[in-house]
Amino acid sequence: MLAAALGAALTLGAPAALAGTAPVTSSGAPAPASRAAAPASQSATWVAGTRAYLVITAPGDSSAVRSAVAANGGTVFSNFDAIGVIVAHSASASFASTMRGVSGVQQVGATRTSDVPADAYNPALPANPAQSTTPAGEPVRADMSQIKADQAWAVNPGSSSVKVGILDTGVDDQHQDLAPNFNAADSVSCAYGKPDTRTGAWRDVDTHGTHVAGTIAAAKNGKGVVGVAPGVKISAVRVAEPGKSFFFAENTICGFVWAGDHGFKVTNNSYYTDPWQFNCPDNIDQAAIIEGVKRAQEYAESKGSLQIAAAGNEDYDLAHKTTDSASPNDSTPTTRTITNACLDIPTELPGVVTVAANGTGTTKASFSNFGAGVIDVAAPGQDVYSTLPGGKYGTKSGTSMATPHVVGVAALLASANPGITPAQLRDKLATQANDIACPADGRCTGTTANNSFFGEGQVDALKAVGATPPPGKYFENLADFAINDNATVESPITVSGVTGNAPTTLKVGVDIKHTYIGDLKVDLVAPDGSVYTLSNRAGGGTDNIIQTFTVNASADAANGVWKLRVNDNANADTGKIDAWNLTF
């Protein structure tokens with residue numbers, strides 16, 4: 001998530017509540033002519049002191065309450081009768097207290113501690129950046145091999161009938177790696193809390209949303225990167241306001257209702273709802289925010305949409321909340337005492353899948369939030385390479401980057417299981433995740449099957465497409481083994497239950513993280529000590545060996561302890577065996 005709104009993300013220099021990004025620069029060009037006028041507000045003019053409020057009523061006809069808004073110094077900016085939420089604007093200091101006494105009004109709460117920008121009444125279109133040209137080539141990235149997405153693509157890259165909504169800072173739909181899978185018809189801006197369907201209103205006002213989009217569904221077109229689910233369709237729902245990229249409650253509500261009404265099977269939410277990092281039910285304003293966003297999420301789910309959200313990047317225990325020092329982020333933050341009743345929204349709402357970030361391999365990313373009973377699953381979120389506006393590419397870190405990996409896996413599950421419900425998707429994401437045991441860190445509690453750092457474990461794209469290796473045929477070691485200078489290290493795998501000798505086409509999957517791989521000799525050692533050389537100081541100054549080798553090991557018995565042996569033959573560059581596997 002971005003800084004303020006990115007409270008759920010790693011905000012290395014970002015301004016609002018994004019859930020985690022390293023700062024990057026985007027270039028822009030003038031936006032094209034729009035297909036329609038900017039959405040007109042029912043407020044004729046903006047005045048200083050205008051604030052936004054959620055007015056909560058019973059779902060259905062809210063015409064009487066909307067009339068009361070106008071009669072008590074406010075204007076109706078937008079309304080969502082299906083969930084009983086009205087977004088009202090007023091410059092009157094007594095508006096909220098007066099409206100709380102109106103018949104039919106259940107709750108009223110301010111959504112921000114700053115004025116509504118004048119841009120809300122005549123929104124400027126985001127820039128449409130000129131596009132760079134990318135050379136051919138899209139090597140498999142470590143994050144994709146880590147969750148076996150590269151193996152899943154050969155089985156099922158995802159169905160074009162599955163629609164994914166990216167609720168974020170917007171998406172550069174012109175990007176060469178995103179355009180083939182972009183669904184403009186269902187894209188929108190929900191900035192300020194009202195749908196803006198003008199062409200390009202959905203474009204990126206930062207870089208965050210475009211990066212997320214590439215991880216989910218960058219096309220498999222020989223350029224740049226490939227997303228987890230390169231066959232599905234993505235739509236942009238811009239919920240961030242320009243400038244500081246704030247994600248206020250009314251924007252999220254608009255986005256969730258849009259997702260439900262437009263058939264999104266899953267949505268990506270790599271942010272928290274500004275201006276409160278945690279919304280507390282004993283605060284009259286924050287209670288209305290909780291209720292409004294909760295209703296919108298429930299509405300989207302009732303229409304078949306699963307929401308997946310970032311856990312946040314403060315290395316904070318969400319199961320043991322004590323203080324909040326980041327709120328409100330749209331004015332002057334103060335430190336306050338909080339309890340577990342206070343919620344990080346939307347990630348802690350019922351029904352939302354909460355995602356923690358892995359570092360390399362099966363480690364916890366240092367920044368990732370955690371919490372027993374809060375974290376559902378984990379995915380790679382460190383140094384993730386993906387798309388940026390203007391045809392560019394770059395690396396970001398954060399739970400913001402982990403979340404789209406899970407969204408991509410959910411999209412693959414939906415592709416492989418047409419008609420699957422949000423509840424079934426949640427269940428499959430959990431049951432198909434690969435367990436990760438707690439590291440030597442006293443803050444990690446629970447079991448290998450479910451703990452406070454990784455929840456149910458790291459998601460698995462190959463399992464999502466129904467291509468789980470046959471029992472007894474696939475073996476792996478996910479433990480890290482350090483590769484030091486001028487030293488040899490071995491990682492073992494014990495094979496059992498396989499009849500006879502190994503095949504002539506034994507598959508050896510290798511994931512070695514090491515700079516300057518020309519230092520390394522890599523061997524497969526059979527149970528009887530036979531050695532099969534996989535790589536002998538090849539590759540020069542390039543980084544990492546992430547490759548599947550084929551070995552004729554038919555002279556060796558299959559059962560027994562196999563080893564991956566790595567010998568470092570020089571100074572200066574070190575690394576680790578991140579993971580490796582055998583397929584018989």
One pair to check against side chain to side chain contact (heavy atoms under 4.5 Å, CB included): V355 and T399. What are the steps and the verdict? CA-CA 7 Å; V355 180; T399 55; over 6 Å; no

Working for side chain to side chain donor-acceptor pair (under 3.5 Å), residues Q297 and Q307: CA-CA 7 Å; Q297 193 289 122; Q307 278 57 251; 2.8 Å; yes

Step by step, would you call D172 with Q131 a side chain to side chain donor-acceptor pair (under 3.5 Å)? CA-CA 10 Å; D172 179 6; Q131 300 294 313; 3.0 Å; yes

Could you please spell out the steps behind the side chain to side chain contact (heavy atoms under 4.5 Å, CB included) verdict for I512 and I517? CA-CA 9 Å; I512 294 172; I517 61 174; 6.0 Å; no

Full working for side chain to side chain contact (heavy atoms under 4.5 Å, CB included) between W258 and V239: CA-CA 11 Å; W258 183 273; V239 291; over 6 Å; no

Side chain to side chain donor-acceptor pair (under 3.5 Å) between H208 and S400, worked out: CA-CA 8 Å; H208 193 266; S400 279; 2.8 Å; yes

Please evaluate residues S397 and Q382 with respect to the criterion side chain to side chain donor-acceptor pair (under 3.5 Å), reporting the C-alpha separation (whole Å), side-chain torsions for both, the decisive distance (0.1 Å), and the verdict. CA-CA 4 Å; S397 294; Q382 188 167 314; 6.0 Å; no

Side chain to side chain contact (heavy atoms under 4.5 Å, CB included) evaluation trace for K303 with D261: CA-CA 7 Å; K303 296 286 189 176; D261 287 341; 4.2 Å; yes

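From E476, atom CD reaches atom OG of S491 across 11.0 Å, with rounding to the nearest 0.5 Å. Atom CG of N417 is separated from atom CD of Q424 by 8.5 Å, given to the nearest 0.5 angstrom. From F247, atom CZ reaches atom OG of S270 across 8.5 Å, with rounding to the nearest 0.5 Å. Atom-to-atom distance recorded for N477:CG and L564:CG is 9.5 Å, nearest 0.5 angstrom. Taking OG1 from T273 and CD1 from I345, the interatomic distance works out to 6.0 Å, rounded to the nearest 0.5 Å. Summarising the geometry, atom CD1 belonging to I436 is positioned 5.0 Å from atom CD belonging to Q458; distances are rounded to the nearest 0.5 Å.
Not one N or O on the side chain of D523 forms a donor-acceptor pair closer than 3.5 Å with the backbone of R565. Checking side-chain atoms of D344 against main-chain N and O of T347 turns up no donor-acceptor pair under 3.5 Å. E138 contributes no side-chain N or O that, together with a main-chain N or O of A136, makes up a donor-acceptor pair within less than 3.5 Å. Proximity of a side-chain donor or acceptor of D460 to a complementary backbone N or O of Q432 within less than 3.5 Å is not detected. Not a single donor-acceptor pair under 3.5 Å links the side chain of N251 to the backbone N or O of A240. Side-chain atoms of D168 do not come within 3.5 Å of backbone N or O of G170 as any donor-acceptor pair. Side chain of N269 to main chain of Y271: no donor-acceptor pair is present (N/O by atom type, distance under 3.5 Å, no hydrogens or angles). Remark: side-chain polar atoms of K265 are paired, donor with acceptor, to backbone N or O of I420 under 3.5 angstrom. Side-chain atoms of E456 do not come within 3.5 Å of backbone N or O of T431 as any donor-acceptor pair. Using modelled atom types, no side-chain atom of Q151 and backbone atom of K148 make a donor-acceptor pair closer than 3.5 Å.
Every residue meeting the side chain to side chain contact (heavy atoms under 4.5 Å, CB included) condition with A558, not counting sequence neighbours, appears here in chain and number order: V498, F584. Applying the side chain to side chain contact (heavy atoms under 4.5 Å, CB included) test to S386 and every residue at least two apart in sequence or in another chain returns H211, T215. Applying the salt bridge (charged side-chain N to carboxylate O under 4.0 Å, His left out) criterion to K233, with sequence neighbours excluded, gives no partner residue. For the side chain to side chain contact (heavy atoms under 4.5 Å, CB included) test, residues two or more places apart in sequence or in another chain that qualify with D317 are A319, H320, F370.
The two residues A357 and F367 have their closest heavy-atom pair at CB-CE1, 3.8 Å. Across all their heavy atoms, S452 and R443 have their closest contact at OG-O, 3.3 Å. Heavy atoms only, all atoms of each residue included: V188 and W202 are closest at O-CB, 3.6 Å. Taking each heavy atom of Y299 and I83 in turn, the nearest pair found is CB-CG2, 3.6 Å. For the residue pair Y385 and V225, the shortest heavy atom distance occurs at CD2-CG1, 3.4 Å. Minimum interatomic distance between A259 and T267 (heavy atoms only, all atoms of both residues): CB-CG2, 3.7 Å.
Counting only residues at least two apart or in different chains, side chain to side chain donor-acceptor pair (under 3.5 Å) contacts with residues 401-415 comprise D143-H405. Applying the side chain to side chain donor-acceptor pair (under 3.5 Å) test to pairs two or more places apart or on separate chains, those with a residue in residues 504-513 are K507-T550, D511-K513, K513-D578.
D315 places none of its side-chain heavy atoms less than 4.5 Å from the side chain of S366. Within the 4.5 Å cutoff, side-chain heavy atoms of L388 are placed close to those of K396. Taking the side chain as every heavy atom from C-beta outward, L413 and L429 approach each other to under 4.5 Å. Considering only heavy atoms from C-beta on, I483 comes within 4.5 Å of I577 through its side chain. Proximity of L534 to W580: side-chain heavy atoms (C-beta onward) are nowhere separated by under 4.5 Å. Within the 4.5 Å cutoff, side-chain heavy atoms of P346 are placed close to those of F256. The shortest side-chain heavy-atom distance between K364 and D441 does not fall under the 4.5 Å cut-off. Within the 4.5 Å cutoff, the side chain of R238 has heavy atoms near those of the P126 side chain.
Between Y393 and H175, the ring planes lie perpendicular to each other; the angle is over 60°, past the 30° to 60° tilted range. Using the six-membered ring where Trp is involved, H262 and F264 have ring planes that are tilted, between 30° and 60° apart.
A donor atom on one side chain and an acceptor atom on the other are not found under 3.5 Å apart for D383 and T395. With 3.5 Å as the limit, one finds a donor-acceptor pair spanning the side chains of K576 and T360. A side-chain donor-acceptor contact under 3.5 Å links D204 and T169. Side chains of T387 and D177: a donor-acceptor N/O pair is absent below 3.5 angstrom, by distance only.
Checked for salt-bridge contact, K163 and D186 meet the test: a charged N lies under 4.0 Å from a carboxylate O. No salt bridge links D376 with R426; every basic N to acidic carboxylate O contact stays at or beyond 4.0 Å.
Within a 6.0 Å radius of NZ in K521, other residues, nucleotides and ligands contribute more than 12 heavy atoms.
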